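Computed from a predicted structure; not experimentally measured.
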Amino acid sequence: MSKFWKPGTEKPRFVEDEEGGVLFYTSASSSSSGHGYASVERQRQRLPVFKYRTAILYLVETHATTIVVGETGSGKTTQIPQFLKEAGWADSGRMIACTQPRRLAVQSVASRVGEEMGVKLGEEVGYTIRFEDITDAELTRIKFLTDGVLLREMMDDPLLSKYSVIMVDEAHERSLSTDILLGLLKKIQRRRPELRLIISSATIEAKSMAAFFNSSRRLQGRDAEGHGPRKEPAILSVEGRGFNVQTSYVEDPVSDYIRAAVSTILSIHDKEPMGDILVFLTGKDDIDAAMQLLAEDSHHKNQGLIVLPLYSGLPRADQDLVFSPTPRGKRKVIISTNIAETSLTLEGVVYVVDCGFSKQRFYNPITDIENLVVAPISRASARQRAGRAGRVRPGKCYRLYTEEYYVNEMSSDGVPEIQRSNLVSCVIQLKSLGIDNILGFDWPASPSPEALIRALEVLYSLGVIDDDAKLTSPTGFQIAEIPLDPMVSKMILASNDLGCSEEVITIAAVLSLQSIWYSGRGSEKELDEAKLRFAAAEGDHVTFLNVYRGYVESNKSSSWCHRNHINYHAMKKVDDVRKQLRRIAQRLGIALKSCDHDMQAVRKAVTAGFFSNACRVEAFSHNGAYKTIRGSQEVYIHPSSVLFRVNPKWVIYHSIVSTERQYMRNVITIEPSWLPEAAPHFYHRQQLDPRLHS
DNA sequence: GAGCACTGC
């Protein structure tokens, strides 16, 4: 049973501090601070933010933008929306919005606020995340939502006119959609002087955020004389409620952070009082290696340790183990990726070991490839990791780097996601909101011009924008409506003429998930065998169709999934996404039609979206090397693909993962003659012809 | 015969 609470089920016990995202309480242990019987109102008044109630309301009244700097446990997320409502900001049909970067945070914060206000969730207090709209058009006054959902709402209501105040929470995380949202909100402010913004941010970022909202590139002074709120942002700082964390550093740089982490764990276990240990490493490989070393410990210092891995790709049942209570006399060691830095909160952690690195995505606009590389974390990240030790009582953090390095060499903040990503989806979103001058858009952090230009090129080649970089009609507007990567959306549009929309929508849904295969530890061989049962000669996309057909024929049975090494939760998600996509397809006038067993239609639809990912096998290659048609990059079929070692002559890939080699994930066979048909501007016949006969 | 930090619509 999952420890995550889903609204509508039995009410969980709430942790006093709501900021971390996940709320869960596994045991019936009573609240340590002794106010378990205090009234809701008394509990609210104990939160640090309560002292600032009047100040916050005054600043929001008098300033267009208020930046609230508040650390974990201040109570800002749950209290500020309530203060605003009490002060009348939700009167006469208006609404207060509060955005979060993650779905789980939206659900848990909304239910907490609903509970504090004594109202049923979905009435006065509601929330909206993808696939779940728990709001009432008439009744809802305070609405929690992901920033991605608010961006989608702008497509129907560009000025977000139903909201009187919009609070953007966790802005310091600088996620892609938060940054796009902030840029757009600044634009909306010029048109709606009565709108109030509250940006919740961590200390370091507050000043640059204020500078962003203070600057205006044009029309300076136009409404400076008006009677509206002041334009320069107010900054208010609210203290947190975390416990003190004592930090220590290594004296000399370590050469092997995995070994250093393991010996730190053993020495904590040897010398320090009870309390769980949370270790931050970079990925699955690191985690496996560290667990191996701990198991091999020959001095038996590992007695009494319960060692658990934690990363997103881990099956859910294994993930849930980290939430089980630590048995008396034992000590839990959770060896985790960055998932424990923001997305999950672990109670009972007293010691944190921080290796100082994480895997980060970097996008190269020249090759159009996103790379995942191990890179040093920022000081902001290091502080966040350390804070994970001080949630229940004073804790300790062991940094596996020197203090000198932390102070002098570590960068203070990470690179915002928008400067590390492919921008195709982002650009089409802005275009659909009528923002034509993408290069001149006022971003909280500007992406590189190269990345923007590359995104415009890709959209042009897909026929989404025209020679004037305007959205084409209907293609461009239709693709903007579909909440997927534009190349996938193009594939769905093309399926209409090819009569295979049902199949292509299934493929799009599967591709939008991490993986539909169940990858339990030590069962790699069984997984490969299971894959063979569904493998299609045409490639991975058609294999997904076989899996989905089997799933439907089994009456969507979980035991069928289990027997076939398929992730049942992932298949349910496939169904959710399918339902949403079919609804959108119908709205766009795409006929829902199956092509039965005509896989040529499906392959042509994939080609229509992904023609730029075409590759040809090297004529004299013995190791399965391919070259991309676009850039002559050397690439290989990933060993997880059903076409691995089959090496058909012409393929199209869905994505590339780069490690020592560039591997193509999710590959399908095509005929080269389809390429100029799908994209005449992109492929000229004469360019391809000599190769067709070789 | 080898690899996938984390989100989100």
Legend entry - By salt bridge (Lys or Arg N to Asp or Glu O under 4.0 Å) - contacts of A/Asp156 (at least two apart):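 Partners of A/Asp156 by the salt bridge (Lys or Arg N to Asp or Glu O under 4.0 Å) criterion come out as none, since no residue qualifies.
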
Inset, instruction - For nucleotides 2-9 of chain B, just jot down a letter per nucleotide in 5' to 3' order: B, S or -, based on protein non-hydrogen atoms under 4.0 Å. - result: BSSBBSSB

Legend entry - Distance (rounded to the nearest 0.5 Å) between A/Ile505 CD1 and A/Met491 CE: 9.5 Å

Legend entry - Residues forming a side-chain hydrogen bond (donor to acceptor under 3.5 Å, both in side chains) with A/Ser641, sequence neighbours excluded: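 For A/Ser641, the residues satisfying side-chain hydrogen bond (donor to acceptor under 3.5 Å, both in side chains) (neighbours in sequence not counted) are A/Asp540.
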
Inset, instruction - Evaluate the ring planes of A/His654 and A/Phe610, with Trp represented by its six-membered ring, and classify them as parallel (under 30°), tilted (30 to 60°) or perpendicular (over 60°). - result: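 Geometry flag for A/Phe610 against A/His654: tilted rings.
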
Legend entry - Ring centres under 6.0 angstrom apart (A/Phe357, A/Tyr257):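 Yes.
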
